[in-house]
Amino acid sequence: MKKKKKSFPKKPALVLTAAALLLVGSTVGSTRAALTYYSENYSAQMNMQSIGVSLLENDKVVSSRDYVSNNEWKGTSEGTLLTDLLGKDETFTPGKKYNEAISVKNSGTIDTFVRVIITKSWQDEKGNKNTNLSPDLIELNFLTDNGWQVADAQSTRERTVLYYTKALKAGKPTPALSDTLRINPSIASDVKQNVSEDGKTITYTYKYNGYTFHIDAEVDAVQTHNAKDAIKSAWGVDVNVSDDETTMSLQ
């Protein structure tokens with residue numbers, strides 16, 4: 001009797017492709033909405049001041065968007081995360097924690113409130129998202145004891161919405177909203193055994209093989225002047241704002 005030939009399983013292939021975006025639509029649109037909505041009320045106070053926001057990864061600017069005047073902007077609204085995640089000749093290892101400190105800097109000249117929307121997904125070689133693969137296995141460890149707050153009502157398994165609850169001074173960065181990233185090693189155990197029709201060959205197919213994990217970070221900012229109404233207008237959410245407009249909290 002012939003012995004069955006086994007094809008030993010290989011580790012799933014993971015390609016690092018993650019984008020950091022300051023939304024051209026949402027971010028710039030939100031900022032413009034806030035400025036336009038209140039321009040008649042405080043145009044004198046605004047003078048030549050400008051609103052701006054930058055996304056930082058491990059203290060390095062990934063992308064930025066700064067309002068200049070007359071609907072003119074400077075900076076790049078798109079950037080790439082995780083480019084320095086691996087060392088030279090290092091292979092990505094599921095289960096290992098990698099440094100991934102994401103923060104926001106107020107790169108404008110007026111105080112602002114900021115929020116970040118993190119979206120996690122798995123995509124195939126053509127960039128198509130597979131919603132049957134679990135975004136929970138993409139583990140970005142969030143920090144919420146330093147002023148950041150997760151909006152649970154606005155978040156899903158794939159999307160996490162975070163607000164920085166303190167007014168961010170011009171030129172200042174927030175504390176990091178995350179510190180590490182890892183891919184849960186359980187992806188290596190999600191495997192299907194396939195037996196040939198003649199029963200002589202056994203192969204293994206990994207559920208996540210050939211897919212890449214993606215992390216999108218969307219950032220936008222609203223001025224602190226009349227912040228409660230500005231946030232409602234720009235972001236569509238109700239918040240409580242302190243009388244001196246230095247802190248906010250979700251309702």
Side-chain angles (χ1 to χ4, degrees), residues 19-81 101-118 143 146-149 151 161-178 216-250:
L21 306 176
L22 270 74
L23 285 186
V24 174
S26 175
T27 303
V28 176
S30 296
T31 301
R32 284 180 183 167
L35 289 171
T36 301
Y37 189 81
Y38 288 102
S39 60
E40 293 182 1
N41 295 335
Y42 68 103
S43 57
Q45 293 93 322
M46 283 290 293
N47 198 4
M48 295 301 292
Q49 295 177 325
S50 61
I51 193 167
V53 64
S54 299
L55 178 67
L56 280 63
E57 179 187 38
N58 298 324
D59 295 325
K60 295 182 180 179
V61 175
V62 174
S63 53
S64 63
R65 197 69 164 156
D66 300 302
Y67 185 82
V68 181
S69 63
N70 299 322
N71 290 331
E72 293 183 5
W73 299 82
K74 66 178 180 179
T76 174
S77 62
E78 297 185 4
T80 304
L81 289 169
I102 296 175
S103 57
V104 177
K105 181 179 179 180
N106 183 345
S107 49
T109 57
I110 58 173
D111 296 352
T112 59
F113 285 110
V114 298
R115 74 171 179 179
V116 176
I117 301 175
I118 301 291
L143 306 174
N146 56 9
W148 285 102
Q149 180 180 356
V161 182
L162 302 101
Y163 292 84
Y164 188 58
T165 57
K166 301 177 182 179
L168 188 58
K169 296 289 185 180
K172 299 295 184 180
T174 68
L177 61 83
S178 64
D216 296 330
E218 307 168 5
V219 184
D220 51 7
V222 170
Q223 83 288 338
T224 56
H225 185 75
N226 287 334
K228 183 178 177 68
D229 292 333
I231 290 173
K232 178 65 173 181
S233 173
W235 297 340
V237 297
D238 294 308
V239 299
N240 296 313
V241 179
S242 62
D243 292 339
D244 60 2
E245 297 185 321
T246 60
T247 62
M248 57 86 74
S249 61
L250 301 177

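The figures here come from the full heavy-atom set of this structure, side chains too, leaving out hydrogens, waters and symmetry mates. Model, not experiment: these values are computed from the prediction.
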Q. Do you know which two heavy atoms are closest between Ile102 and Ser178, and how far apart they sit?
A. N-OG, 3.3 Å

Q | Contacts of type side-chain hydrogen bond (donor to acceptor under 3.5 Å, both in side chains), residue Ser103, not counting sequence neighbours | A | none

Q: Kindly compute the distance separating CZ (Arg115) from CD (Glu218), expressed to the nearest 0.5 Å.
A: 8.5 Å

Q | Residue pair Val114 / Trp148: nearest heavy atoms and the distance that separates them | A | CG2-CH2, 4.2 Å

Q. What pair of heavy atoms forms the shortest contact from Leu168 to Lys105, and how long is it?
A. CD2-C, 4.1 Å

Q. Quick one: CG on Asp216 to CD1 on Ile117, what's the gap to the nearest 0.5 Å?
A. 11.0 Å

Q.
Can you give me the closest heavy-atom contact between Glu245 and His225, atom names plus distance?
A. OE1-CA, 3.7 Å

**Q.** Thr246 OG1 to Lys166 NZ distance, which is reported to the nearest 0.5 Å
**A.** 10.0 Å

Q. Does the side chain of Val104 come within less than 4.5 Å of Tyr164's, by heavy atoms?
A. no

Q) With sequence neighbours left out, what residues match Phe113 under ring pair (Phe, Tyr, Trp, His ring centres under 6.0 Å)? A) none

Q.
If I compare all heavy atoms of Val241 with all of Val239, which pair ends up nearest, and what's the gap?
A. CG2-CG2, 3.8 Å

**Q.** Residues which pass side chain to side chain contact (heavy atoms under 4.5 Å, CB included) with Ser107, listed by chain and number, not counting sequence neighbours
**A.** Ser54, Asp66

Q. If you look at every heavy atom in Gly52 and Asn106, which pair is closest and at what distance?
A. O-OD1, 3.4 Å

Q. Between CG of Asn226 and CD1 of Ile231, what distance do you get to the nearest 0.5 Å?
A. 11.0 Å

**Q.** Residues that Asn240 engages under side-chain hydrogen bond (donor to acceptor under 3.5 Å, both in side chains), provided they are two or more places apart
**A.** Gln251

**Q.** Test side-chain hydrogen bond (donor to acceptor under 3.5 Å, both in side chains) applied to Ser242 - qualifying residues, sequence neighbours left out
**A.** Asp244, Thr247

Q: For Asp111, check salt bridge (charged side-chain N to carboxylate O under 4.0 Å, His left out) against everything at least two apart and list the hits.
A: Lys169

